[in-house]
Amino acid sequence: MSKVFPKWSNALPLKIVIFLFVFVSVVLAGVTYYATPNYTRVGYEPTQPVPYDHSFHVGELGLDCRYCHSKVEESGHANIPASSTCMACHSLIMTDSELLEPVRASYQSGEPLPWVRVHQAPDYVYFSHEVHVNRGVSCVECHGKVNEMEVVKHAKSHSMSFCLECHRSPEKFLRPLDEVYNLDWVHPGGKKGQIEAGKKLVEEWDVNPPQSCSGCHR
């Protein structure tokens, strides 16, 4: 009686298993490498309902971050400014600008502008702006040089490793409280000076950032 399958087919199941193993491994490696905040978040630059040039308002005019994000020192969240905040200036400046028509309409109707949030922590992550800025962590450490951005973009990954880098070595990032909102400030003593001054601030303020899971995942 002749054989139904050729002899080489005996090795076929093993070859299929090996192929599937290699294929799945490559896919998982690719997802692990590319499906990270460095690739999925960094560079995100949504179009806003009204153009707001941070490089002009903050970089040139010197507007303080807290003028628009007024609750950042006392809240876990950095609030988005209301139309009334914009109109405090623009009721006198550029009053007929077509670009600012949505702001004027929002101010008159009371309906908030549909700003598109650029930075958003996942629901499973606890992060308090109040805690960080009141302990010498500047906006620039998480958001980059916003004062140089015409359109605000997601400049840093905000991944778990990104956060842990600061939690493990806070002395590299802490600065005097009066320089927190100065996005151009660097320690005059360079990296060595920053480390020395940072260690003093860690001791004076009793800074002990959590490194356990429960510290950020509550």
Side-chain angles (χ1 to χ4, degrees), residues 35-48 52-59 62-81 85 115-187 190-191 193-195 197-199 201-202 205-218:
T36 64
N38 279 325
Y39 287 91
T40 59
R41 296 185 194 173
V42 173
Y44 175 57
E45 187 179 283
T47 300
Q48 300 292 352
Y52 182 87
D53 186 347
H54 277 75
S55 66
F56 173 70
H57 289 84
V58 182
L63 201 63
D64 192 288
C65 306
R66 293 165 290 184
Y67 182 76
C68 294
H69 306 291
S70 56
K71 300 296 183 181
V72 71
E73 292 181 299
E74 55 190 60
S75 171
H77 302 281
N79 60 298
I80 296 173
T85 302
W115 296 108
V116 181
R117 185 174 288 276
V118 180
H119 303 88
Q120 178 68 59
D123 292 340
Y124 54 82
V125 174
Y126 172 79
F127 179 88
S128 171
H129 277 81
E130 174 189 12
V131 170
H132 288 78
V133 299
N134 287 315
R135 277 297 177 265
V137 179
S138 174
C139 314
V140 73
E141 301 296 350
C142 295
H143 300 297
K145 299 297 288 292
V146 176
N147 58 322
E148 297 178 359
M149 298 180 189
E150 184 175 344
V151 178
V152 172
K153 64 182 178 181
H154 210 303
K156 302 194 177 185
S157 71
H158 293 190
S159 63
M160 186 166 68
S161 60
F162 172 83
C163 298
L164 283 173
E165 181 182 1
C166 183
H167 278 216
R168 289 167 177 163
S169 304
E171 67 277 1
K172 295 180 180 179
F173 304 95
L174 301 187
R175 61 176 64 189
L177 293 180
D178 57 356
E179 299 291 356
V180 166
Y181 302 98
N182 179 2
L183 305 188
D184 289 322
W185 185 86
V186 292
H187 196 282
K191 290 185 178 180
Q194 170 63 50
I195 297 296
K199 287 182 177 179
L201 293 176
V202 168
W205 293 338
D206 191 26
V207 174
N208 184 28
Q211 298 181 38
S212 63
C213 301
S214 60
C216 299
H217 304 291
R218 303 182 180 182

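Values in this document were obtained by computation on a predicted structure and should not be read as measured data. These values consider heavy atoms only, across backbone and side chains, with no hydrogens, waters or symmetry-generated copies. Sequence positions, counted from 1, serve as the residue numbers for this chain.
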**Q** Please find the pair of heavy atoms, one from Gly136 and one from Leu177, that lie closest to each other, and give the distance.
**A** N-CD2, 3.5 Å

**Q** Mind listing the closest non-hydrogen atom pair of Leu63 and Val58 along with its distance?
**A** O-CG1, 3.6 Å

**Q** Can you tell me how far apart CE (Met160) and SG (Cys216) are? Round to the nearest 0.5 Å.
**A** 9.5 Å

**Q** For Glu179, which residues count as a side-chain hydrogen bond (donor to acceptor under 3.5 Å, both in side chains) partner, sequence neighbours excluded?
**A** Asn182

**Q** Among pairs that include at least one residue of residues 134-156, which meet salt bridge (Lys or Arg N to Asp or Glu O under 4.0 Å), considering only residues two or more places apart or in two chains?
**A** Glu141-Arg175, Lys145-Glu148, Lys145-Asp184

**Q** Grab the two heavy atoms, one from Ala155 and one from Met149, that are nearest each other, plus how far apart they are.
**A** CB-CE, 3.8 Å

**Q** Check the pair Tyr44, Val116 against side chain to side chain contact (heavy atoms under 4.5 Å, CB included), reporting the backbone distance first and the verdict last.
**A** CA-CA 11 Å; Tyr44 175 57; Val116 181; 3.7 Å; yes

**Q** Can you tell me how far apart NE2 (His154) and SG (Cys142) are? Round to the nearest 0.5 Å.
**A** 10.0 Å

**Q** Mind checking the CG-OH spacing from Asn147 to Tyr181? Nearest 0.5 Å is all I need.
**A** 14.5 Å

**Q** Which pair of non-hydrogen atoms, one from Pro81 and one from Cys68, has the smallest distance, and what is that distance?
**A** CB-O, 3.5 Å

**Q** Any sub-3.5 Å donor-acceptor pair from Asn79's side-chain atoms to Lys71's backbone N or O?
**A** yes

**Q** Search all heavy atoms of Leu183 against all heavy atoms of Cys139 and return the closest pair with its distance.
**A** CD2-CB, 3.9 Å

**Q** Under 6.0 Å from the NE2 atom of His77, do we count more than 12 heavy atoms belonging to anything else shown?
**A** no

**Q** Given side chains that start at C-beta, do those of Ile195 and Lys172 come closer than 4.5 Å, heavy atoms only?
**A** yes

**Q** Could you report the tightest heavy-atom contact between Pro46 and Val151, atom names first, then the distance?
**A** O-CG1, 4.1 Å

**Q** Whether the side chain of Arg66 engages the backbone of Glu73 through a donor-acceptor N/O pair (distance < 3.5 Å, no angle test) should be reported.
**A** no

**Q** I'd like to know whether Trp185 forms a side chain to side chain contact (heavy atoms under 4.5 Å, CB included) with His187, so could you lay out the CA-CA distance, the side-chain angles of the two residues, the decisive distance to 0.1 Å, and finally the verdict.
**A** CA-CA 7 Å; Trp185 185 86; His187 196 282; 3.9 Å; yes

**Q** Val137 versus Phe173: any side-chain heavy-atom pair under 4.5 Å?
**A** no

**Q** If only atom types and distance count, is the side chain of Gln194 paired as donor or acceptor with the main-chain N or O of Glu171 below 3.5 Å?
**A** yes

**Q** Please set out all donor-acceptor pairs under 3.5 angstrom arising from side-chain atoms of residues 118-130, sequence neighbours excluded.
**A**
| residue | atom | partner | partner atom | Å |
| --- | --- | --- | --- | --- |
| His119 | NE2 | His143 | ND1 | 3.4 |
| Gln120 | OE1 | Arg117 | NE | 3.1 |
| Ser128 | OG | Glu130 | N | 3.4 |
| Ser128 | OG | Val131 | N | 3.3 |
| His129 | ND1 | Gly76 | O | 3.1 |

**Q** Let me see the working for Val207 and Leu174 under side chain to side chain contact (heavy atoms under 4.5 Å, CB included), right down to the final yes or no.
**A** CA-CA 10 Å; Val207 174; Leu174 301 187; 4.0 Å; yes

**Q** To the nearest 0.5 Å, how far apart are NE2 in His167 and CD in Glu165?
**A** 11.5 Å

